[in-house]
Structure formats: C-alpha cells, structure tokens
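In what follows, every chain begins at residue 1, and chains take the letters A, B, ... in the order their sequences are listed.
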There are 2 protein chains.
Amino acid sequence: MTTARRDDPSDLESATDAGALGPLHAYVGYVLRRAQIAVFQDFIRTLAGVDLRPAQFSVLTLIDANPGIVQSRACSALGIQKANFVPMLQELEKRGLTRRVPVDGRSNGVFLTAKGRALLKRARSLHDRHHARITKLIGEPEQRRLIATLDRLATLGE
Amino acid sequence: MTTARRDDPSDLESATDAGALGPLHAYVGYVLRRAQIAVFQDFIRTLAGVDLRPAQFSVLTLIDANPGIVQSRACSALGIQKANFVPMLQELEKRGLTRRVPVDGRSNGVFLTAKGRALLKRARSLHDRHHARITKLIGEPEQRRLIATLDRLATLGE
DNA sequence: TCAAAACCATTATACAGTATAACCATAGAT
DNA sequence: ATCTATGGTTATACTGTATAATGGTTTTGA
C-alpha cells in the first residue's frame, strides 16, 4: 500500500495534478479548501494513535480551557450547531473522556474526565508534531501572518 | 407554535463567539477550517442566483479552461475521486451545462454546452463580487501572499 | 402569581462531501 | 492472444453541516 496509491500520477508534478487548474488557483476559496483538506489529512494521520478527529480534538481542547462550560456556549464558541454537538458528546462520553453535569434543570456543564485529560495530553504531544511540520513548511512569521489573515476571513459571515 | 423561536445569536459580539477558544485560535488547522467555512458561505450566498455550489463552479471553471478534458484527468486536477465525479457530471448534464463525448471506448471528454458557458459567465460576474469582498477585507498583497502560503500547505499530503 | 416568552438539550432527518470496493468494458503492452 | 492497466460507473458508508420539532426549564413582566 505504499506505492501506486490512487490513480498513480507518477509522471505528474503534484499528486493532485496542479496543472490545468486555470483560474482556480487564483481563487481564495478554492486554494483555501485544498489547503484545509491537506492540513486535516495530516492532522488525522498524525493523531491516529489517539483516535481523535479534528472536531473531537477541538472539543476536548475547548473543554479543557473552559471546564464546566455549558453546551450551548461551547457550541457558539466553536461555531457549530447544538444539535450536532449532542452525538459528539455522547461519543466522547462513551469513551470516558468527557462528562456532563447538570447545572440547573436545562443546562449541562461539560468536563474532561481524568482519562480525557490524559488522552488530551497525549493528543497534544502528537499535535505538536503536526504543528511543527506546518511551521517548518511555511515558516513561523508567515504562520502568524497566516492565522491573522484567516481570522479576518472568518469574519466574512458577520 | 408559530412565533418563530429564536436561537438567534444576533446579539453576540461575533456570531460564533470568538472568546474562550483557548489554544484553538493558534492552531492553523482550526483557523483554516473556520475561514474556509466562512468563505464558502459567502460564496454560496453570492452565487445563489445561478444555483452553483463551490464544487460545481470549480468543475465548470476547469472544463472551460480545458475543453474536452477527460474525466480521470479532471479528477486528478481537482483532487477528487473519480467515483464522486460521476454524479456531479450527471447533475450538471441534467441541467444542460456540460456534455460528455466519448474519445475512445473508455474515456469521455467533457465540454461545456453553450448554456453552460453562458451560466459560467454569469457565475463569474457574481464570483467577482465575492472575490472583491475578500480582497477588500484582507488587501491585495496579502491575498497574493495568502494564496502562496496555502499552496505550500496543500503540499502537506505529498 | 402566573402565563408568555426565551432557552437548553435532544431527537430525527436531510444533504453535501469524501472515501473505498467492486464491476465492466476497453486500451495498451508483451 | 493474453495479461495488465486504465476509465467510467455503481453501491455504499461515514463525517460534517443544517433545519425542524419536542419536552422540559428558567426567565420575564403584566
């Protein structure tokens, strides 16, 4: 499974055949999407050992930074739908990583379990390698600049 | 029952509540994803009049720049699976925008129809506004820089 | 005080995007 | 002529995202 993956473009410059894209390579949305897919793939491969997908990692990270955060607030912080957050938490809870504690009759505070904290620690160390790979690829100053620019782009919907 | 329940966060600083993200805002993958979603949403809204999603627009653009391109090559250029390209083409063909022409017993060249070219022209003009909005938001030199950086990031998987 | 309104979590559901495997037919190579 | 690689297709599955509807709870303000 090491050679001849996909449709083997061994004679093409990039694995996805960068030629012929025409105007596409000048479209921010298109290039953004391609980059995001590549980064996520690297993330997933790197964190395969802890079996965490990007969304799960971000949820654990958020909870760790905000212990007891209420679901609805976690959702608005992450920009996701509360309806989609429920099965996510159910999965994490089934794995013993998180825990929901009612704060009043309708709200739940969410916490990491000890196991969740331990896993997140391992995940962070793996994520560091992923992050370092990115930093090495684009350079640290450019990485800061990139994040600032992406932050501005993320305000488009507001 | 009729009174439009509102989960409407219109009174929050940012629609997605940027606070409390902890380390997340320093993670390239996370910020990249958020930016990509925002840009795509703006794209979709802007091109709603021609009923084209980003993937469809990119396919039409690719075909326009490479008339008669064979499906498999279009897939590798776009970095998508040939299996997923088929229903996409079926949809575009059903709308009378594209056309597949056998070049030999197994390959199809793909073309835009006149209608497809006309629609793409309208789509481009809408896309220009979307693009201009982005340029205005981040500035033109930064936009060039951004694309260069994203191009590098897209090589992560190779 | 108490009814209306807003809020929280949940379920159900739908759709786009992505991925793999299996298949058939055909082209290319030896 | 046979074997292999290629191109397109179907089927399928899983993730992510979006909306509507529901039950229960808190908040409100008349």
Peer 1: Within the structure, does a side-chain N or O atom of B/S107 lie under 4.0 Å from either OP1 or OP2 of D/dT6?
Peer 2: no

Peer 1: Please give, in whole Å, the distance from C/dG17 C1' to B/F85 CZ?
Peer 2: 15 Å

Peer 1: Figure out the CG/C1' separation between B/D104 and D/dT6, and round it to whole Å.
Peer 2: 10 Å

Peer 1: What's the closest nucleotide to the side chain of A/R100 if the choices are C/dT10, D/dT10, C/dA9?
Peer 2: C/dT10

Peer 1: Across the strands shown, which category fits A/Q71 at heavy-atom distances under 4.0 angstrom: base, sugar-phosphate, nothing?
Peer 2: sugar-phosphate

Peer 1: Using atom CZ of B/R53 as one end and atom C1' of C/dT18 as the other, report the distance to the nearest whole Å.
Peer 2: 14 Å

Peer 1: Main chain of B/M88, side chain of B/E91: is a donor-acceptor contact present, judged purely on distance under 3.5 Å?
Peer 2: no

Peer 1: Taking atom C1' of C/dA12 as reference, at what distance in whole Å does atom CD of A/Q81 sit?
Peer 2: 15 Å

Peer 1: Show the nearest heavy-atom pair for residues A/I147 and B/A26, with the distance to one decimal.
Peer 2: CD1-O, 3.3 Å

Peer 1: Which residue, B/I37 or B/G109, contacts DNA chain D at a nucleotide closer to its 5' end, judged by nearest heavy atom?
Peer 2: B/G109

Peer 1: On DNA chain D, does the nearest nucleotide to A/M88 precede the nearest nucleotide to A/G105 from the 5' side, or the other way round? Give the residue.
Peer 2: A/M88

Peer 1: Could you state the CD-P distance from B/E91 to C/dG17, rounded to the nearest angstrom?
Peer 2: 11 Å

Peer 1: Starting at CG of A/L89 and ending at C1' of D/dG16, how long is that distance when rounded to a whole Å?
Peer 2: 16 Å

Peer 1: Check this for me, if you would: do A/R152 and B/E142 make a salt bridge, where the nitrogen-to-carboxylate-oxygen distance has to be below 4.0 angstrom?
Peer 2: no

Peer 1: Mind checking B/Q90 for me? I need base, sugar-phosphate or nothing, with any heavy atom below 4.0 Å counting as a touch.
Peer 2: sugar-phosphate

Peer 1: What does A/Q41 touch in the nucleic acid at a heavy-atom separation under 4.0 angstrom: a base, only the sugar-phosphate, or nothing?
Peer 2: sugar-phosphate

Peer 1: What class does the angle between the rings of A/H127 and A/F57 fall in, given that below 30° is parallel, 30 to 60° is tilted and above 60° is perpendicular?
Peer 2: parallel

Peer 1: Is it true that A/R117 and A/D64 make a salt bridge, defined as a side-chain N closer than 4.0 Å to a carboxylate O?
Peer 2: no

Peer 1: Rounded to whole angstroms, how far apart are CZ on A/R106 and C1' on C/dA6?
Peer 2: 7 Å

Peer 1: Just to be sure I understand the rule, does A/N84 reach a base, reach only the sugar-phosphate, or reach nothing, if contact means heavy atoms closer than 4.0 Å?
Peer 2: base

Peer 1: Distance check needed: D/dT17 C1' versus A/L78 CG, whole Å only.
Peer 2: 14 Å

Peer 1: If you pin A/R33 and A/A83 to their nearest nucleotides in DNA chain C, which one's is more 5'?
Peer 2: A/A83

